[in-house]
Student: 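Could you have a look at this structure, given as structure tokens, before my questions?
Positions are given from 1 along the sequence.
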Amino acid sequence: MNPADALAAGPTRQAELLDSGELTSRQLTEAALAAIDRANASINATVAVFADEALAAADAADARRSSGESGPFLGIPIAVKDDLDIAGKVTGKGSNATSTVPAQDSDLVAALRAAGAVIVAKSSLPELAIFGFTESDALGITRNPHNNAHTPGGSSGGSAALVAAGIVGIATASDGAGSIRIPASCCGLVGFKPTHHTMPSSGGWHDLSTQGSVAPRVADSALFLDTFGTFPTSLVAAAAKDPEPLRIGLSYSAAAATKALPLDPRVRAALEAAAETFRSAGHAVTEVKIPYDTDSKSLTVRYLAGIRDAADGTDDPSKLEKRTKGIARLGRPFGKKAVDWAIRKGQEWGDGIHDKLGVDVLLTPVMSGPAVPVENWKGKGPVRTVLAMNSFYPYTAQWNHAGIPAVSMPAGKTAEEGLPLSIQLIARRGDDARLMSLAGQYERASV
């Protein structure tokens with residue numbers, strides 16, 4: 001396999017090629033840097049490229065392998081979302097309002113370096129990771145590799161675009177209201193949001209946010225989480241085996257603040273096909289209605305207070321986009337007592353929802369349709385933007401509020417625009433291994 005093909009194959013396959021000596025880390029890294037030079041102009045998915053540092057890290061990884069060392073990410077090129085600190089580099093967070101240069105790596109970046117991963121670039125995101133599309137005054141428009149007229153989603157849109165374009169095989173991503181699963185859905189990737197408190201450098205927006213990755217395959221997501229997270233059993237092993245028969249609740253319930261957009265018939269067809277796939281595999285699939293009550297919707301307190309705090313924490317809040325300032329103002333009324341109440345209600349709701357519905361896993365949409373066109377919400381004010389996004393993305397944020405694992409899985413493409421379709425699977429708190437097993441089974445059945 002040549003280095004360019006290996007990049008698109010993902011880190012699991014790359015590690016096999018490095019272990020066998022068929023490829024070196026330097027070859028993979030040179031291919032990634034060449035791919036950025038060749039393809040990034042059309043998608044605008046990088047904030048910074050670290051060519052010299054990456055080649056030096058690749059050479060160091062090759063030397064470690066030559067001395068007999070091995071490891072799942074030793075020598076693997078990776079992009080890092082620009083919400084994580086890299087020592088000596090500005091953590092821009094998609095904004096002109098940040099300028100401080102961190103003195104040390106974030107915990108996840110430090111773990112990547114220790115594992116021998118090769119950081120080739122930082123990936124783009126919308127300002128302060130607020131939006132479900134990746135467009136900002138600071139960085140411009142990031143585009144979907146499947147169709148440049150459409151968004152790669154957000155806020156981990158740059159990471160998803162780089163992986164979908166085959167520039168890197170994996171990239172870090174974070175998810176505070178759907179920001180792993182939405183870009184994965186837009187770009188035809190696996191986006192696994194793990195149980196909260198399992199990954200380093202997590203906890204933003206009053207613990208709504210967790211770190212993870214976007215990757216081509218279930219095994220790649222499992223490898224990343226196993227390597228850098230803390231789980232009671234191996235997710236890689238779980239991904240490789242079918243789960244026992246499960247009770248799966250198919251739900252079209254939406255948690256929009258006003259009214260959810262109608263579900264695109266192509267998304268509905270993908271969900272119905274997935275339900276049949278699971279039935280054929282021996283699972284019991286029944287349609288259920290998720291009760292999105294006041295407890296579930298109290299996440300708004302955490303979301304808006306988190307954005308307020310992030311805006312206040314920038315180096316120069318006056319340089320924030322007008323829309324960002326307006327959303328931050330919406331969070332002003334929410335003090336510590338309100339936030340603590342919302343955190344408690346989210347956990348209580350999440351801990352009971354599966355039992356209340358009598359299911360082990362939920363099967364839902366990720367979005368109301370395939371990826372929207374770029375600049376779909378351009379010019380809208382803060383309230384209109386939040387409500388419009390919530391109407392299109394009403395299926396993800398409650399699971400951040402609950403703190404439970406959820407994964408976006410590719411489910412074909414639209415015939416007209418060539419845009420990916422997806423499904424979402426949601427499990428109980430701490431049930432990451434079983435969710436990974438079900439995702440792996442679905443992936444194998446969909447090939």
Side-chain angles (χ1 to χ4, degrees), residues 128-132 155 174-182 193-198 202-210 249 251-261 288-313 324 326-357 359 362 364-368 382-406 424 426-431:
L128 305 186
I130 295 172
F131 304 107
S155 64
S174 56
D175 193 319
S179 289
I180 289 174
R181 290 157 291 154
I182 289 168
K193 179 188 80 70
T195 295
H196 291 213
H197 307 136
T198 57
S202 299
W205 287 357
H206 299 288
D207 212 25
L208 281 178
S209 183
T210 183
S251 182
Y252 302 101
S253 303
T258 52
K259 185 178 180 181
L261 290 177
V288 298
K289 185 175 182 179
I290 300 170
Y292 289 119
D293 57 16
T294 303
D295 286 355
S296 74
K297 293 186 177 182
S298 63
L299 78 90
T300 303
V301 173
R302 299 165 73 183
Y303 173 72
L304 293 177
I307 292 170
R308 173 204 65 204
D309 294 346
D312 290 348
T324 298
I327 297 173
R329 282 195 295 271
L330 297 175
R332 294 293 169 209
F334 303 122
K336 184 179 186 302
K337 186 176 180 180
V339 169
D340 289 346
W341 168 81
I343 291 171
R344 185 172 66 255
K345 291 301 178 182
Q347 179 163 337
E348 290 172 357
W349 182 77
D351 284 345
I353 190 64
H354 288 78
D355 289 340
K356 181 178 292 186
L357 296 171
V359 300
L362 288 163
T364 78
V366 179
M367 314 185 298
S368 296
V383 174
R384 289 181 65 198
T385 300
V386 170
L387 293 178
M389 285 196 306
N390 185 230
S391 292
F392 187 73
Y393 302 126
Y395 303 104
T396 56
Q398 264 68 23
W399 312 116
N400 296 79
H401 189 43
I404 59 180
Q424 179 174 218
I426 305 142
R428 289 182 177 86
R429 187 184 313 280
D431 215 1

Student: According to salt bridge (charged side-chain N to carboxylate O under 4.0 Å, His left out), who are the partners of R429, at least two apart in sequence or on a separate chain?
Tutor: D351
Student: Which heavy atom of A342 sits nearest to which heavy atom of V301, and what is that distance?
Tutor: CB-CB, 3.9 Å
Student: Check step by step if side-chain contact (heavy atoms from CB on, under 4.5 Å) holds for Y395 and V366.
Tutor: CA-CA 6 Å; Y395 303 104; V366 179; 5.9 Å; no
Student: Would you please name every residue forming a salt bridge (charged side-chain N to carboxylate O under 4.0 Å, His left out) with R308, sequence neighbours left out?
Tutor: none
Student: Can you list the residues that meet the side-chain hydrogen bond (donor to acceptor under 3.5 Å, both in side chains) rule with T300, with sequence neighbours excluded?
Tutor: none
Student: Output yes when a side-chain donor or acceptor of S368 lies under 3.5 Å from a complementary backbone atom of F392, and no otherwise.
Tutor: yes
Student: More than 12 non-hydrogen atoms from neighbouring residues, nucleotides or ligands closer than 6.0 Å to CZ on R332, yes or no?
Tutor: yes
Student: Got a second to check how far D431's CG is from H354's NE2, nearest 0.5 Å?
Tutor: 8.0 Å
Student: Between atom CD1 of I353 and atom CD1 of I290, what is the distance when rounded to the nearest 0.5 Å?
Tutor: 6.5 Å
Student: Under the side-chain hydrogen bond (donor to acceptor under 3.5 Å, both in side chains) rule, collect the residues that match up with S209, sequence neighbours excluded.
Tutor: none
Student: What heavy-atom pair brings K193 and W399 nearest, and what distance separates the two atoms?
Tutor: NZ-O, 3.3 Å
Student: Got a sec, which residues hit side chain to side chain contact (heavy atoms under 4.5 Å, CB included) with T258, two or more places apart in sequence or on another chain?
Tutor: L387, S391
Student: Side chains of V288 and S253, heavy atoms from C-beta outward: is any pair under 4.5 Å?
Tutor: no
Student: What are the two closest non-hydrogen atoms of D207 and H196, and how far apart are they?
Tutor: O-ND1, 3.1 Å
Student: T324 vs F131, test: side-chain contact (heavy atoms from CB on, under 4.5 Å). Steps then yes/no.
Tutor: CA-CA 10 Å; T324 298; F131 304 107; 4.1 Å; yes
Student: Rounded to the nearest 0.5 Å, how far apart are NE2 of H197 and OG1 of T210?
Tutor: 8.5 Å
Student: Quick one: salt bridge (charged side-chain N to carboxylate O under 4.0 Å, His left out) partners of K297, sequence neighbours excluded?
Tutor: none
Student: When rounded to the nearest 0.5 angstrom, what distance separates CG in L304 from CD1 in I130?
Tutor: 9.5 Å
Student: Treating N400 as the side-chain partner and L208 as the backbone partner, does any N or O pair qualify as donor plus acceptor under 3.5 Å?
Tutor: yes
Student: Report the residues that fulfil side-chain hydrogen bond (donor to acceptor under 3.5 Å, both in side chains) with H401, sequence neighbours left out, ordered by chain and then residue number.
Tutor: S298, R302
Student: Please confirm whether the backbone N or O of I182 pairs with a side-chain atom of Y393, one donor and one acceptor, at under 3.5 Å?
Tutor: no
Student: Distance check, rounded to the nearest 0.5 Å: T294 atom OG1 versus K345 atom NZ?
Tutor: 9.5 Å
Student: For A129 and S179, which heavy atoms make the closest approach, and how far apart are they?
Tutor: O-OG, 4.3 Å
Student: Which residues satisfy the side-chain hydrogen bond (donor to acceptor under 3.5 Å, both in side chains) test with H206, sequence neighbours excluded?
Tutor: D309
Student: Measuring from atom CG of D312 to atom CD1 of I307, what distance do you get when rounded to the nearest 0.5 angstrom?
Tutor: 12.0 Å
Student: Minimum heavy-atom separation for G350 and A402, please, with both atom names.
Tutor: CA-CB, 3.4 Å
Student: Identify, with sequence neighbours excluded, every residue that meets side chain to side chain contact (heavy atoms under 4.5 Å, CB included) alongside P333.
Tutor: none
Student: Of all residues at least two apart in sequence or in a different chain, which pass the salt bridge (charged side-chain N to carboxylate O under 4.0 Å, His left out) check with K336?
Tutor: D340
Student: Using atom types as modelled and distance alone, determine if a side-chain donor or acceptor of T396 lies under 3.5 Å from a backbone N or O of A177.
Tutor: yes
Student: What pairs with S296 under side chain to side chain contact (heavy atoms under 4.5 Å, CB included), at least two apart in sequence or on another chain?
Tutor: Y292, D293, W349, Q398
